Protein chains: 2
Amino acid sequence: MKARTDTKEKIVELATDLILAGGYPSLSYQQISSKLGIKNAAIHYHYPSKEDLGVEVVRKEIERFDDFMAAVSGFGQWEKLEAFMLNYRKYLENENRICMIGACASDYREIPEQIQSTAAEYFQIVKNWFTDLLESGRSEKAFYFRGEAANKASLISSAMAGGLQHARLIGNAHYDAVITQIKLELQE
Amino acid sequence: MKARTDTKEKIVELATDLILAGGYPSLSYQQISSKLGIKNAAIHYHYPSKEDLGVEVVRKEIERFDDFMAAVSGFGQWEKLEAFMLNYRKYLENENRICMIGACASDYREIPEQIQSTAAEYFQIVKNWFTDLLESGRSEKAFYFRGEAANKASLISSAMAGGLQHARLIGNAHYDAVITQIKLELQE
DNA sequence: TGTTTTACTTACATATAAGTAAGTATATTT
DNA sequence: AAATATACTTACTTATATGTAAGTAAAACA
């Protein structure tokens, strides 16, 4: 078959997985091609440069988060929070993968500008979603916390990303401890 | 001069800096040698393999934290917390470097086993120090928080590491927002 | 049916990485 | 003063990375 394959999608899928596992700098065309049973140049056909592939990976992640936001739009505040936390725990359970934003942030200075800015855009979207959730959750008396919702959103989003990473070092219970504390501190 | 130089110390110093900036995988002997005005093989003389150098870097960081713990042992609870937070902010101010534990955690699957375990050991020391600080701070009514001190320590340490990383994406104010919220939530 | 486009493969170019073996100049030790 | 250890340099090996140019088989199209 030489036309209408799903190779392009598979490349992005695998690249996403590899970035969450080992970071963008460690991602190689060899890893992808050997796992897909294709040649190196086949990837360059779909994504001329590694940067092109990287940008596409992060863009697709933003799309996925757009879908997530739409899917939970009818949920209650606590349900939304739990849904978000569950997604992160799935990364953890998948051989200690981390989140895309954390992966891009920690390798920030080794990734091309376009990926940097796309990752920044992604984080801003997540942080805004969290801020809105906390703000409305507080006004509806679902969540209780002091200070500005934006600051609380900063704290929670960073704690979750950091929690995933630290769980690699000392075990998954660390992530659960972070989540437990976050939830506890949102209760009355 | 062919004996009694401080090249070895300079190598570790520079390697530390480069890991905090770009991560262990992106660290190269070329970067180090060119910046020190020596040849590649000179680094291999002091550190035969990159793994040897990496382990030494993390070990030196543990020593530095030992010194920190000793230096602040006479401080009050809030002073200790502020001192720790100030150290992290210095990383941020130094061209958005991140902390060693976060750097090792995010590149965990790309670093040799010895570095993984040394970094894990380091994080456990930091987390234990934080747990003790929070525990004693609460009993002395300096800090106020709900739940287990270990969980609160998990939350704060991960939020700070994640905060440093996320600040690269959207600016240093993000880190300050995290710190502001952490402090606010430790008050009465 | 013939042409063009799609989706590749083959083969190669270039750069850079870690690491090693052997040589050398200086400093220290005996 | 001679021997030895220290701290390198030179020169090389091997592996792997991104990327490119040219060729090819199958599918889509006109």
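Remember, it's a predicted structure, so these values are computed and weren't measured experimentally. Lettering follows sequence order; numbering is per chain, from 1.
Cation-pi geometry between A/Lys127 and A/Tyr122 is not met: the NZ or CZ atom fails to fall both under 6.0 Å from the ring centre and inside 45° of the normal.
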**Request:** Apply salt bridge (Lys or Arg N to Asp or Glu O under 4.0 Å) to A/Glu140 and A/Arg138, showing your working.
**Result:** CA-CA 5 Å; A/Glu140 291 176 24; A/Arg138 178 159 61 178; over 6 Å; no

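Within the structure, every side-chain polar atom (N or O) of A/Thr5 is placed at least 4.0 Å from both OP1 and OP2 of C/dT6. Regarding contacts with the backbone of D/dC8, every side-chain N or O of B/Tyr45 stays at 4.0 angstrom or more from both OP1 and OP2.
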Taking only N/O atoms, report every protein-nucleotides 15-19 of chain D pair under 3.5 Å with atom names and distance.
unit_1	atom_1	unit_2	atom_2	d
D/dA17	OP1	A/Ser28	OG	3.4
D/dT18	OP1	A/Leu27	O	3.1
D/dT18	OP2	A/Tyr29	N	3.1
D/dG19	OP2	A/Lys50	N	2.7
D/dG19	N7	A/His44	NE2	3.3

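Other residues, nucleotides and ligands contribute over 12 non-hydrogen atoms within 6.0 Å of the CD atom of A/Glu110. Sparse packing is recorded around CD of A/Glu148, with 12 or fewer heavy atoms of other residues, nucleotides or ligands lying under 6.0 Å away.
For the side chain to side chain contact (heavy atoms under 4.5 Å, CB included) criterion with A/Ser33, the lone passing option out of A/Ile11, A/Ile38, A/Leu14 is A/Ile38. Of the listed residues (A/Phe130, A/Phe123, A/Tyr108), just one forms a ring pair (Phe, Tyr, Trp, His ring centres under 6.0 Å) with B/His166, and that residue is A/Phe123.
The side chain of A/Ala41 has C/dA11 as its nearest neighbour among D/dT9, C/dC8, C/dA11.
To the nearest angstrom, C1' of D/dA7 lies 14 Å from CG of B/Leu36. Put simply, CD1 on B/Ile38 is 15 Å from C1' on D/dT10, counting in whole angstrom units. In this structure, CD1 of A/Ile43 is placed 15 Å from C1' of D/dT20, rounded to the nearest angstrom.
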